[in-house]
Amino acid sequence: VTYWRHPRAVWRRSPGRIVIAGARTDDVRVLGGLGVLVWEVLDRPATLEEIGAEVADALDVAPPAVHDGVRAALEELLAEGFLRKAGG
Amino acid sequence: MTVSPERVVRAIAAVGLTTSLMELPSAPLDPATWTYVTSLVRSHRVEGHLVDAVERGALPADEEQAAEAADLHLAAMVRCVRLERALVGVLDSLAARGIDHRVLKGSAWAHVDYPDPSLRSYGDVDVLIRPGSFDEALRCLESMGHHRRYPQPRPGFDRRFTKSVTMVHPEGIEIDVHRTVAEGGFGARVELEVLWESSASFVVGGVEALALGPDERLLHACYHAALGDRTPRLSALRDIATMLETGRFDPDRVDELAKRWVGRAVLARAVELTTTSFDLRATPFITRATSREASRRERRELAAHVAPESSYAARAWTTLRSLRGVRERVAYAWALGFPAEGYVRDRYRTRSERLRGASRALRQLAARSRRSG
């Protein structure tokens with residue numbers, strides 16, 4: 001499965017956070033922690049494994065340590081309409 | 001050593017400018033100065049430059065100050081994202097009706113002129129519309145739930161004479177629909193067709209947006225800073241400094257357009273304010289722009305915008321004098337002298353306010369008429 005940022009998402013960086021409004025709603029969401037890393041990694045389409053590897057690298061931990069967290073972040077971002085996915 | 005909060009906030013707004021000689025304090029600010037500086041940062045809309053200064057280590061900040069700077073910036077970015085969401089909706093709707101646009105000011109400059117749009121915060125959305133599509137663009141926004149803040153003085157006034165119309169959404173977001181880029185005579189002399197000759201594109205929310213071309217963008221930034229607020233925001237001056245430094249514009253064409261629009265005094269004032277505020281090293285363009293002597297007419301028109309006694313009536317008078325042809329002048333004077341009832345009612349709610357407003361406008365117009373002989 002490949003994930004990418006929803007092209008209709010409007011967003012801005014703020015220190016340690018991402019401010020984002022999606023395609024489905026005008027509500028604004030503030031991402032922090034893992035959500036920020038996942039969003040930054042998705043400057044190009046990537047699979048769960050690729051995202052996990054980059055996030056783990058940024059946090060200087062082994063990929064399995066972040067796998068569940070990254071998957072949960074992706075599901076949440078997808079549910080809120082900030083991401084798209086294809087395949088799988 | 002005493003630190004001037006005003007100077008500190010100017011130095012913050014100048015962070016990243018390689019031609020600025022401003023220096024930031026070498027130690028964290030004391031709590032009282034910090035509080036004052038952050039209030040200035042908010043009012044000048046330079047939250048992005050504050051966090052940039054802290055992140056670069058250019059402005060020493062303790063943990064609490066760094067967190068406060070981040071929170072200030074976050075609030076500004078939440079506002080900008082909301083505005084940009086609204087902008088995307090507006091651009092979609094305009095495109096569906098085949099109406100051309102140019103995005104102006106904050107949103108456009110943030111995307112086109114800054115390395116990261118998060119550096120530039122702003123408080124509303126501005127779009128330029130061709131005069132021929134102006135009424136349709138307003139109807140388009142009305143169909144999206146926006147309403148005019150004020151009615152026009154007379155039917156057809158907007159598409160012929162107005163600088164911009166503010167459309168307000170029930171959620172509080174304001175869209176300024178512009179016909180031209182400045183009020184008064186300076187705005188009336190801007191060649192509108194020139195504003196549409198070139199563009200710079202950027203993508204927002206998956207939509208291709210168009211900003212003005214680089215020369216017109218710099219001139220608009222100068223008109224906005226020099227003629228907008230009596231004391232311009234540092235964000236407006238930083239826009240000019242950024243454009244001067246990136247040098248995407250053609251200096252000769254900018255000068256030529258300013259000359260044709262009888263706006264060299266505006267260019268000079270804006271560049272002067274910018275170089276003084278940020279202590280910029282002079283460049284050939286800066287020297288050329290600031291060394292021209294303004295004509296008497298330009299000085300008088302500038303005063304209508306920036307002098308303490310400046311007023312809407314004074315600017316209206318400069319507009320009247322800049323309109324081409326008797327018919328245009330008569331239509332303009334008629335619309336303002338004898339506006340529709342709704343226009344007066346919405347501006348002046350009570351009878352005594354209406355009478356006071358009318359007598360003030362009459363006194364100002366009479367005084368100007370006497371002075372100009």
Side-chain angles (χ1 to χ4, degrees), chain A residues 1-47 51 54-55 57-60 69 73-87, chain B residues 47-56 59 61 63 65-92 106-107 110-111 114-122 125 144-145 169-173 202-209:
Chain A
V1 179
T2 303
Y3 299 86
W4 66 92
R5 293 174 186 164
H6 198 298
R8 300 291 279 184
V10 176
W11 62 280
R12 283 282 194 287
R13 284 189 186 91
S14 198
R17 290 172 279 199
I18 296 288
V19 183
I20 184 168
R24 292 186 204 153
T25 163
D26 286 343
D27 288 347
V28 174
R29 206 29 231 281
V30 178
L31 309 179
L34 212 52
V36 175
L37 289 171
V38 168
W39 187 259
E40 292 288 3
V41 167
L42 282 171
D43 59 352
R44 58 177 187 272
T47 63
I51 299 164
E54 282 205 58
V55 168
D57 190 44
L59 296 174
D60 205 16
L74 285 170
E75 290 308 319
E76 202 174 321
L77 290 169
L78 264 175
E80 297 200 38
F82 301 141
L83 295 185
R84 279 185 163 173
K85 71 172 183 178
Chain B
E47 299 94 337
H49 300 293
L50 174 63
V51 295
D52 190 32
V54 172
E55 284 183 344
R56 286 168 184 250
L59 177 66
E63 225 170 272
Q65 291 173 341
E68 202 181 325
D71 285 345
L72 270 181
H73 185 248
L74 181 69
M77 291 303 99
V78 167
R79 185 180 67 230
C80 288
V81 164
R82 281 211 175 95
L83 290 168
E84 253 172 35
R85 193 82 204 98
L87 172 65
V88 171
V90 169
L91 296 183
D92 273 340
S107 182
H111 284 277
Y114 286 86
D116 181 345
S118 304
L119 284 169
R120 177 63 159 93
S121 50
Y122 45 90
V125 169
M144 296 171 70
H169 194 269
E171 287 175 11
I173 284 176
F202 62 98
V203 175
V204 53
V207 173
E208 190 196 21

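Just the heavy atoms: all of them, side chains too, but no hydrogens, waters or symmetry mates, feed the values below. All chains are named by letter (A, B, ...) in the order of the sequence lines, taking the proteins before the strands, and each is independently numbered beginning at 1.
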Next item on the list: Not counting sequence neighbours, which residues clear side-chain contact (heavy atoms from CB on, under 4.5 Å) with E63(B)? List them please.
Entry: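 Once residues adjacent in sequence are excluded, E63(B) has no partner under the side-chain contact (heavy atoms from CB on, under 4.5 Å) criterion.
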Checklist line | Residues in side-chain contact (heavy atoms from CB on, under 4.5 Å) contact with V41(A), at least two apart in sequence or another chain | finding: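 For V41(A) the side-chain contact (heavy atoms from CB on, under 4.5 Å) partners, ignoring immediate neighbours, are I51(A), E54(A), V55(A).
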Checklist line | Residues of residues 47-56 of chain B within contact distance of chain A, non-hydrogen under 4.5 Å | finding: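 If one takes a 4.5 Å heavy-atom cut-off, the residues of residues 47-56 of chain B near chain A are V51(B), E55(B).
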Check: Closest approach of V10(A) and V81(B), non-hydrogen atoms and distance?
Finding: O-CG1, 3.7 Å
Margin query: Please rank R17(A), R29(A), R12(A) by heavy-atom pairs under 4.5 Å with chain B and give me the top one.
Written below: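 Highest number of pairs under 4.5 Å: R12(A).
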Next item on the list: Considering only heavy atoms and a distance below 4.5 Å, find which of D116(B), V78(B), V204(B) pairs most often with chain A.
Entry: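 Among D116(B), V78(B), V204(B), the one with the most close pairs to chain A is V78(B).
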Next item on the list: Quick one: which of L87(B), D71(B), V203(B) has the most heavy-atom pairs under 4.5 Å with chain A, could you say?
Entry: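 Ranked by heavy-atom pairs under 4.5 Å with chain A, first place is D71(B).
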Next item on the list: Show your working on side-chain contact (heavy atoms from CB on, under 4.5 Å) between I20(A) and M77(B) and close with a plain yes or no.
Entry: CA-CA 9 Å; I20(A) 184 168; M77(B) 291 303 99; over 6 Å; no
Checklist line | Y3(A): side chain to side chain donor-acceptor pair (under 3.5 Å) partners, not counting sequence neighbours | finding: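 None.
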Check: Roughly how far, to the nearest 0.5 Å, is OG of S14(A) from NE2 of H73(B)?
Finding: 5.0 Å
Checklist line | Interatomic spacing from CH2 in W11(A) to OG in S118(B) - rounded to 0.5 Å | finding: 7.0 Å
Next item on the list: Could you walk me through whether D27(A) and R85(B) pass salt bridge (Lys or Arg N to Asp or Glu O under 4.0 Å), step by step?
Entry: CA-CA 9 Å; D27(A) 288 347; R85(B) 193 82 204 98; over 6 Å; no
